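The block underneath contains the structure these notes are about, expressed in structure tokens.
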Amino acid sequence: MFKGMHPIFWIGLAIMYGLNIIFWIFEISQPGSIFAVKIGGVAAPFYYVAILMLIVMNVFLAWLWYYVPEQAEKKEMELTKGGAR
């Protein structure tokens, strides 16, 4: 099932799950509740989860998973076109 996946897919998964694990470790290592930290009356985790993890990271990974394989394919086509002459 994953045999034909571009290597950048696995790098993107490592970024995504790596950040989740880092934030999880940060949250469990804090004494008391991490929800006690407020920003504008809202618990801080809601901000970094909503803004960083759901918006920024997903847009970056979507760009990465689209752009890198396309550039590799374009480079491969240029190499084969140049080699055929």
Side-chain angles (χ1 to χ4, degrees):
M1 179 165 109
F2 294 110
K3 198 167 190 150
M5 300 301 278
H6 197 276
I8 200 68
F9 172 77
W10 301 111
I11 293 170
L13 283 182
I15 291 169
M16 185 170 50
Y17 286 110
L19 281 173
N20 283 322
I21 290 170
I22 288 169
F23 279 111
W24 174 69
I25 290 170
F26 171 72
E27 288 177 2
I28 65 170
S29 67
Q30 298 299 313
S33 175
I34 191 73
F35 294 106
V37 179
K38 305 282 185 190
I39 299 174
V42 178
F46 291 112
Y47 282 110
Y48 70 73
V49 167
I51 294 170
L52 178 68
M53 302 302 273
L54 290 177
I55 297 172
V56 175
M57 185 180 61
N58 284 320
V59 168
F60 171 73
L61 289 177
W63 171 81
L64 186 73
W65 288 339
Y66 172 77
Y67 180 77
V68 172
E70 186 173 293
Q71 292 300 315
E73 185 178 305
K74 189 183 295 185
K75 185 177 180 181
E76 184 179 317
M77 288 182 72
E78 287 176 4
L79 289 174
T80 57
K81 187 187 295 185
R85 291 182 182 180

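As the structure is a computational prediction, the values presented were derived from the model and not from experiment.
In this structure, CG in L19 is found 11.5 Å from OH in Y48, a value given to the nearest 0.5 Å. Distance check: W63 CH2 to F60 CZ gives 6.0 Å after rounding to the nearest 0.5 Å. Taking CG from N58 and CH2 from W65, the interatomic distance works out to 8.0 Å, rounded to the nearest 0.5 Å. To the nearest 0.5 Å, atoms CG (N20) and CD1 (I15) are separated by 12.0 Å. To the nearest 0.5 Å, the span separating CG on L61 from CD1 on I11 amounts to 11.0 Å. Note that CE of M16 and CG of L64 are 11.5 Å apart. Values are rounded to the nearest 0.5 Å.
In terms of hydrophobic clustering, with Ile, Leu, Val, Met, Phe, Trp and Tyr side chains grouped at heavy-atom distances under 4.5 Å, F9 and Y17 are assigned to a common cluster. By the rule that hydrophobic residues join a cluster once side-chain heavy atoms approach within less than 4.5 Å of another member, F46 and I28 end up as members of separate clusters. Transitive grouping of hydrophobic side chains (ILVMFWY, heavy atoms separated by less than 4.5 Å) keeps W10 and Y66 in distinct clusters. L13 and M53 fall within the same hydrophobic cluster, defined by Ile, Leu, Val, Met, Phe, Trp and Tyr side-chain heavy atoms under 4.5 Å apart, directly or through other members. When hydrophobic clusters are built by joining Ile, Leu, Val, Met, Phe, Trp and Tyr residues whose side-chain heavy atoms come closer than 4.5 Å, directly or via intermediates, Y47 is not grouped with I55.
Within a 6.0 Å sphere centred on NZ of K38, other residues, nucleotides and ligands contribute more than 12 heavy atoms. Within 6.0 Å of atom CD in E27, more than 12 heavy atoms from other residues, nucleotides or ligands are found, so the atom counts as buried in its surroundings. Around CD of Q71, the count of heavy atoms belonging to other residues, nucleotides or ligands within 6.0 Å exceeds 12.
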